[in-house]
Student: 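This is the structure, below, for whatever I ask next.
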Amino acid sequence: MKASQFFISTLKEAPADAEVVSHQLMMRAGMIKRLGAGIYNYMPMGLRVIRKVEAIIRDEMNRAGAVELLMPVVQPAELWQETGRFEKMGPELMRVKDRHDRDFIIQPTSEEVVTDIARQELRSYKQLPKNFYHIQTKFRDERRPRFGIMRGREFTMKDAYSFDRDAAGAAKSYEQMSAAYKRIFDRFGLTYRAVAADTGAIGGDLSHEFQVIAQTGEDAIIYCPTSDYAANIELAEAVAPATPRGPATQALVKTPTPGKATCADVAALLGLDLTQTVKSLVLATDELDERGVVVKTTVWLLLVRGDHDMNEVKVGKLEGLKNGFRFATVPEIEAHFGCKPGYLGPIGLLQPVKIVADRTVAQMSDFVCGANAWDHHYTGANWGRDLPEPDLVADIRNVVEGDPSPDGKGVLAIERGIEVGHVFYLGTKYSKAMNATFLDETGKPALMEMGCYGIGVTRILGAAIEQNHDARGIIWPASIAPFQVAICPIGYDRSAEVKAAADALHAELLALGVDAILDDRGERPGAMFADWELIGVPQRVVLSDRGLKEGLVEVQGRRETEAGKLALPMPLSPPSRKSSPMAVSGVLPLSP
RNA sequence: CGGGGCGUAGCGCAGCCUGGUAGCGCACCUGCCUUGGGCGCAGGGGGUCGCGUGUUCAAAUCACGCCGCCCCGACCA
């Protein structure tokens, strides 16, 4: 490829609305152009990266036995009504009507359509297992699109769906996909972690997120540096403290804490550590009759230590709360606690309240909590003496750095990640809703066991840049770089020798199957170098009259600060075979 | 959805408060010059100032409405 024939459009300044570095660099490098909120044009340079990402995904998906098909972007609402998602999903699901006023959706994912295909086509156990995937445009009407391509509304995703005859088979499919994902992310050349994730209503433990490690990541990843344990923060278990509850040593005292409504303020006022305080959160659950009218409301008091945060996902799994909960209203709070929010606590309740203590809180003694009286807290509160033991003790908080690892093999650490892949066991959720059955050996219909597996194709670009960039621009891993080598001749248009040498090298690299681009634009060297560094091409070859006189060219890796000199002709080797899972190294020898 | 901010040339911005000729840098075009880190000089093209209504002799500027975009927040009392 010659640069003059290709399309290169770089900017010195990033558009003002680009906040995160990947967004800024992709705009500056001319890879994407914004068309609307969360909607982008993929310009030629960016599309080349997308195509390379897709090629690796296809290669490994096919190797893992998945079969590619293509399902429509616009899908009839009927299928989504079958599973109830047409009504259940929020405005994130884009609904459209056609000229006949019929309902359609723009797909955010394709469980319904693929299940529809499966129930029609897969009729015998002999046809299972089967894994269908596609790489397709998705649309999610995010309430707030941001971070450029990383949280756009329109994006490209690879989604795969496995169909098995039983749960054991589905587990096997899941493992195959996990293994394929590891190969895929290894080939991308990115630092990532597979973390256990919450399975929501499905249950079981078969859900993993593939997170690209980056300081700017939206997700907190919990892992144990001394073991294999890794989970996202929704799931990571906070184990009960090893030390038993201490004895009560203080008397219960109602202490004035005027204007100090937060645990941090109270602790500071009383000169105590935040870990001696208890935070009160009030939830409510409603029982409905068949007409949907509230017949009974239960108020819950959740207690976590002052320095801990409640974990809504964990709370949502508790008996009595798992069918949905809300935060209590102020009138409800006043009726049960006799106090407005700010000084609430578990002692001296006006009406029965279900008390759930976090495991840590249940082990505390001589703690500080709200006194259910304005501007007052209790100090020296103790379970069993000043208030009954809690109705329920459970893990209801987020883990924090330094907590013991649930596997008992060290302490937990936290780092940030960008979720770029997710593997998930679905069970029979969709096959049941859509009656997707097959005939087993006994001739009886059975529900298909499903799994789904996604990779955010366009998000990979953002994640790769967040993880790999410097002051000069992007640093693509070789396997997904738009070009592997940029040939930069100095004086291409005025030196016959330079032109001949550059053309020859270009032809030779192309013949070897190397994605090389020859910069024949006639730019000055500084402009040329700055462009390719911004774009992030892994290797650059510079040819000049000066060097050619000595029979030398310069080769420089994008991460290197100095060029190495190589004698002509260069000892070129073909790039590692496509099938190699580690085709991430450069194609040119970097030093003689 | 709540709060804040912005909309002036392809990009980055000034001008608006205090109404009267629309300006700067980058990019772009022409010529000369230069050629190892985004050259220099000279000349040039390009903007219904987001849209609409109103106030006024006169509106980018003031008022009202709409649209678009960006940021922060969304229940931890």
Side-chain angles (χ1 to χ4, degrees), chain A residues 8-20 23-24 27-28 30 33-39 90-92 141-148 151 153 257 259-266 274 277-284 301-312 314-315 325-330 332-334 336-337 339-345 358 369-372 374-375 377 396-398 471-473 488-495 498 521-535 540 542-548 553-554 556 561-563:
Chain A
I8 296 168
S9 173
T10 56
L11 293 170
K12 273 189 194 169
E13 290 173 288
D17 56 14
E19 280 287 310
V20 295
H23 188 197
Q24 291 171 353
M27 297 292 285
R28 285 188 53 208
K33 280 182 87 70
R34 197 185 66 81
L35 188 62
I39 304 177
E92 197 178 81
D141 199 358
E142 294 278 348
R143 82 178 125 185
R144 178 140 94 89
R146 58 188 134 171
F147 308 144
R151 187 172 284 285
R153 295 198 291 174
T257 52
K260 308 295 181 189
T262 69
C263 286
D265 289 345
V266 171
L274 198 51
T277 63
V278 169
K279 186 153 54 180
S280 300
L281 305 163
V282 187
L283 304 181
L301 176 63
L302 274 68
L303 301 172
V304 296
R305 205 170 72 184
D307 58 324
H308 287 154
D309 289 328
M310 186 185 90
N311 181 317
E312 287 189 40
K314 290 178 180 176
V315 170
F325 60 86
R326 58 182 171 83
F327 283 81
T329 63
V330 171
E332 285 170 340
I333 290 172
E334 288 192 87
H336 288 77
F337 295 83
C339 178
K340 284 191 195 312
Y343 300 89
L344 304 179
D358 183 64
C369 60
N372 293 325
W374 193 251
D375 282 344
H377 279 76
I396 56 170
R397 69 171 174 95
N398 287 335
R472 294 174 172 183
C488 296
I490 295 174
Y492 185 80
D493 49 353
R494 58 196 145 73
S495 163
V498 167
R521 294 175 299 169
E523 292 284 344
R524 299 168 61 83
M528 216 164 26
F529 298 162
D531 272 353
W532 294 115
E533 283 162 356
L534 173 61
I535 292 164
R540 177 175 76 206
V542 178
L543 303 99
S544 66
D545 272 325
R546 206 170 71 191
L548 291 176
V553 298
E554 289 169 30
Q556 186 170 347
T561 49
E562 273 185 35

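Naming convention: chains lettered A, B, ... in sequence-line order (proteins, then strands); numbering from 1 in each chain.
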Student: Considering heavy-atom distances to RNA chain B, does A/R34 or A/L543 have its closest nucleotide positioned more toward the 5' end?
Tutor: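 That would be A/L543.
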Student: On a whole-Å scale, what distance lies between the C1' atoms belonging to B/G19 and B/G54?
Tutor: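 Looking at atom C1' only, B/G19 and B/G54 are 15 Å apart.
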Student: Both distances under 3.5 Å, Watson-Crick or G-U wobble: report the partner of B/G73, or none.
Tutor: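 B/G73 is paired, partner B/C1.
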Student: Taking the six-membered ring for Trp and the full ring for Phe, Tyr or His, determine whether the centres of A/Y343 and A/H377 are under 6.0 Å apart.
Tutor: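 Under 6.0 Å, so yes.
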Student: Using atom P of each nucleotide, how far apart are B/G43 and B/C49 to the nearest Å?
Tutor: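 Roughly 29 Å separates the two P atoms.
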Student: May I have the distance from A/Q556 (atom CD) to B/G36 (atom C1'), rounded to whole angstrom?
Tutor: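 One finds 12 Å between C1' of B/G36 and CD of A/Q556, rounded.
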Student: Once rounded to the nearest 0.5 Å, what's the spacing between atom CG of A/L303 and atom OG of A/S280?
Tutor: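 With rounding to 0.5 Å, CG (A/L303) is 5.0 Å from OG (A/S280).
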Student: Can you measure from CH2 (A/W532) to OG1 (A/T10) and round to the nearest 0.5 angstrom?
Tutor: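 Answer rounded to 0.5 Å: 9.5 Å.
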Student: Answer yes or no: is there a side-chain heavy-atom contact under 4.5 Å between A/V542 and A/I490?
Tutor: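 A side-chain contact exists here, since the closest heavy-atom pair is under 4.5 Å.
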Student: Looking at every strand, decide which applies to A/R28 at a 4.0 Å heavy-atom threshold: base, sugar-phosphate, or nothing.
Tutor: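 Base contact - A/R28 has a heavy atom under 4.0 Å of at least one base atom.
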Student: Between the protein and nucleotides 23-26 of chain B, list every N/O to N/O distance that falls short of 3.5 Å.
Tutor:
residue : atom : partner : partner atom : Å
B/G25   : N2   : A/E13   : OE1          : 3.2

Student: Considering only the C1' atoms, how many Å lie between B/C1 and B/G38, rounded to the nearest integer?
Tutor: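 It comes out at 45 Å once rounded to the nearest Å.
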Student: Are the side chains of A/L344 and A/N372 in touch, meaning some heavy atoms are under 4.5 Å apart?
Tutor: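 Counting from C-beta outward, A/L344 and A/N372 do come under 4.5 Å.
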Student: When the C1' atoms of B/C33 and B/G40 are compared, how many Å lie between them, rounded to an integer?
Tutor: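 7 Å, rounded to whole Å.
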Student: Base, sugar-phosphate or nothing for A/A530? Non-hydrogen atoms, less than 4.0 Å.
Tutor: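 Base, at least one base heavy atom under 4.0 Å.
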Student: I'd like the P distance from B/A9 over to B/G25, given in whole Å.
Tutor: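 Here B/G25 and B/A9 have their P atoms 16 Å from each other.
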Student: Let me know the distance between CD of A/Q24 and P of B/G12, rounded to the nearest Å.
Tutor: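 From A/Q24 CD to B/G12 P: 12 Å.
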Student: Could you give the CZ-to-P distance, from A/R151 to B/C70, as a whole number of Å?
Tutor: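 Between P of B/C70 and CZ of A/R151: 14 Å.
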Student: Could you give the CG-to-P distance, from A/L35 to B/C70, as a whole number of Å?
Tutor: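 A/L35 atom CG is separated from B/C70 atom P by 12 Å.
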Student: How far does the P atom of B/A77 sit from the matching atom of B/G3, given to the nearest Å?
Tutor: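 The same atom, P, in both gives a distance of 23 Å.
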Student: Taking atom P in both B/A59 and B/G50, what distance in whole Å separates the two?
Tutor: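 Each nucleotide's P atom is 15 Å from the other's.
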Student: Examine distances only and state if a side-chain atom of A/D358 and a backbone atom of A/I396 form a donor-acceptor pair shorter than 3.5 Å.
Tutor: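 Checking the backbone N and O of A/I396 against the side chain of A/D358, a donor-acceptor pair under 3.5 Å is found.
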Student: Does the protein touch nucleotides 71-77 of chain B at the base, only the backbone, or not at all? Give it as B, S and - per nucleotide, heavy atoms under 4.0 Å.
Tutor: SB-BSBB
Student: For the side chain of A/K340 and the backbone of A/V330, is there at least one donor-acceptor N/O pair under 3.5 Å apart?
Tutor: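 Between the backbone of A/V330 and the side chain of A/K340 there is no qualifying donor-acceptor contact (under 3.5 Å).
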Student: If you define the side chain from C-beta out and look only at heavy atoms, does anything of A/E332 sit under 4.5 Å from A/V282?
Tutor: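 Answer no - side chains too far apart.
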Student: Return the nucleotide paired to B/G68: Watson-Crick means purine N1 to pyrimidine N3 with N6-O4 or O6-N4, wobble means G-U with N1-O2 and O6-N3, both under 3.5 Å.
Tutor: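 Pairing partner, where one exists within any strand: B/C6.
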Student: Nearest whole angstrom, please: distance from the P of B/G36 to the CD of A/E562.
Tutor: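 Rounding to the nearest Å, CD of A/E562 and P of B/G36 are 18 Å apart.
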Student: Is any side-chain heavy atom of A/V304 closer than 4.5 Å to a side-chain heavy atom of A/D309?
Tutor: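 When only atoms from C-beta onward are counted, A/D309 and A/V304 do not touch, as no gap falls below 4.5 Å.
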Student: Look at the side chain of A/R540 and the base of B/G36, then say whether one donor and one acceptor between them are separated by less than 3.5 Å.
Tutor: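 There is none.
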Student: Under the 3.5 angstrom rule, does the side chain of A/K279 hit a backbone N or O of A/H308 as a donor-acceptor pair?
Tutor: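 Between the backbone of A/H308 and the side chain of A/K279 there is a qualifying donor-acceptor contact (under 3.5 Å).
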Student: So, taking the atom named CZ in A/R28 and the one named CD in A/E13, what distance separates them when rounded to the nearest 0.5 Å?
Tutor: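 That separation rounds to 9.0 Å.
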Student: Does A/Q24 use its side chain to pair, donor to acceptor, with the backbone of A/A18 at less than 3.5 Å?
Tutor: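 Side chain of A/Q24 to backbone of A/A18, a donor-acceptor pair under 3.5 Å: yes, one is there.
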Student: Quick one: pull up CZ in A/R151 and CZ in A/R146 and give me the separation to the nearest 0.5 Å.
Tutor: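 A/R151 CZ to A/R146 CZ: 6.5 Å, rounded to 0.5 Å.
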Student: Let me know the distance between CD of A/E92 and C1' of B/C1, rounded to the nearest Å.
Tutor: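 The distance from CD of A/E92 to C1' of B/C1 comes to 14 Å, rounded to the nearest Å.
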Student: Show the distances under 3.5 angstrom between N or O atoms of the protein and N or O atoms of nucleotides 33-35 of chain B.
Tutor:
residue : atom : partner : partner atom : Å
B/U34   : O2   : A/R524  : NH1          : 2.6
B/U35   : O2'  : A/R494  : NH2          : 2.7
B/U35   : O2   : A/R494  : NH2          : 3.4
B/U35   : N3   : A/R494  : NE           : 3.4

Student: Taking atom P in both B/A42 and B/C24, what distance in whole Å separates the two?
Tutor: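 Looking at atom P only, B/A42 and B/C24 are 14 Å apart.
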Student: What is the separation between atom CE on A/M27 and atom P on B/C69, rounded to the nearest whole Å?
Tutor: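 From A/M27 CE to B/C69 P: 14 Å.
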